[in-house]
Amino acid sequence: MSFADRIIRWQQSHGRRDLPWQGTRDAYRLWVSEIMLQQTQVAAVIPYYARFLERFPDVFALASSPSTDVMAAWAGLGYYSRARNLHQCAQAVVERYEGRFPRTAAALAELPGIGRSTAAAIAAFAFGERVAILDGNVKRVFARHFAVEGYPGEAAVERRLWSIAEQQLPSGGIETYTQGLMDLGATLCVRARPRCDECPVATTCAAREQGRTEALPAPRPARARPVRHATVVIVRDRRGALLLEARPPTGIWGGLVSLPEFDAEADDHQLSAAIAERYALQVDLGERLPDLRHEFSHFTLVMHPRMAGVRRALGAASAASQWVGTDALRTAALPAPVRRLLLAHCGET
């Protein structure tokens, strides 16, 4: 029995069939789920997926919504460029295709934020196209089963894995095969302590035969993770409202709102002057809060929070800012660590 046939048979009897995005050929719902699942665990995605679809039930609703609403619905899920691309993609589908997603992986991959593997998954599940996927979990399955050496993120290794993925495609049952590969990588062929005794393709797995399941695929080459420091200031007015600033549309936490951020080396005089210049506010600097450390994919951010109260306004602010009541902290488009910081130290009215 072929590799693909064993995957299909296993998925039919042991695979996941209760995920909220399964059992549909609605390309919009499948697309939303695939984007959310990029670098995010299924358990974390499920509640966001339900709320997102309730707020944006179809591609027209998403395309016509303000970007601030989209970012607010995504806040806490991380990797915020996905949300910006999701919004742009919805607008492109409406403008170019009258709200109907293109039916081929090649055409889907031309849309904002849809890569080769994501396009293939949507095309397979929504339209039954016979096309290969290669997400992170599937890379691990193929690297182990076919003993592919090297880090999968390297171009040559990735080309080898794509070649294998295309060679293993079944002649039929692409939806079940695609879901089976995803399920196998997510449940049995996991990164640590894979459950090889339950694997449907264990008898032909080269890594298992060689005793190298823990060694394959090769890890990312080690490199020092840079650490960045910033002072963030929790500015409150006499009513208790909090000053938030719109982040730039691209970059870290792009499109969200967050606390005013300043050079970590600034002393109190420099910090007060910077707040006055940027927000036209004279403030009284207060308590220093414990440092907050947050890990991004390529660096570590250490935030040094500082409380401040408004003494008086000095004129018009030069920065795009807004005042938010503490009762809105749970729904504002805040990065998750900043939301936790504010809830812990400012509470809700």
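Computed over heavy atoms, backbone and side chain alike; hydrogens, waters and symmetry mates excluded.
Contact check on Arg160 versus Glu149 returns no salt bridge, with no Lys/Arg side-chain nitrogen under 4.0 Å from an Asp/Glu carboxylate oxygen.
Classification of the Phe146-Phe3 ring pair by plane angle, with boundaries at 30° and 60°, yields tilted. Relative orientation of the Trp31 and Phe101 rings is tilted, given thresholds of 30° and 60° on the angle between their planes.
A donor-acceptor pair shorter than 3.5 Å cannot be found between the side chains of Gln168 and Tyr177. If you check the side chains of Arg140 and Asn137, you find a donor sitting under 3.5 Å from an acceptor.
Thr203 pairs in a side-chain contact (heavy atoms from CB on, under 4.5 Å) with only one of the listed residues (Arg208, Arg6, Glu209, Met1), which is Arg6. Considering Asp183, Thr178, Thr176 in turn, Asp183 is the only one that fulfils the side chain to side chain donor-acceptor pair (under 3.5 Å) rule with Gln11.
With rounding to the nearest 0.5 Å, the separation of OG1 in Thr40 from CD in Gln38 is 8.5 Å. Taking OG of Ser65 as the reference point, atom CD of Gln91 lies at 9.5 Å (rounded to 0.5 Å). Once rounded to the nearest 0.5 Å, the distance linking CZ of Arg193 with CG of Leu188 reads 14.5 Å. Here CH2 of Trp162 is found 4.5 Å from CZ of Arg116. Values are rounded to the nearest 0.5 Å.
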Report the C-alpha distance between Val42 and Trp21 in whole Å, list the side-chain angles of each, state the deciding distance to 0.1 Å, and finish with yes or no for side-chain contact (heavy atoms from CB on, under 4.5 Å).
-> CA-CA 11 Å; Val42 168; Trp21 44 84; 4.1 Å; yes
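For Phe296 and Trp253, the distance between ring centers is under 6.0 angstrom.
Counting heavy atoms from C-beta outward, Leu341 and Pro337 have side chains that stay 4.5 Å or more apart.
Hydrophobic clustering places Tyr49 together with Leu77 (ILVMFWY residues linked when any side-chain heavy atoms are closer than 4.5 Å, directly or through intermediates).
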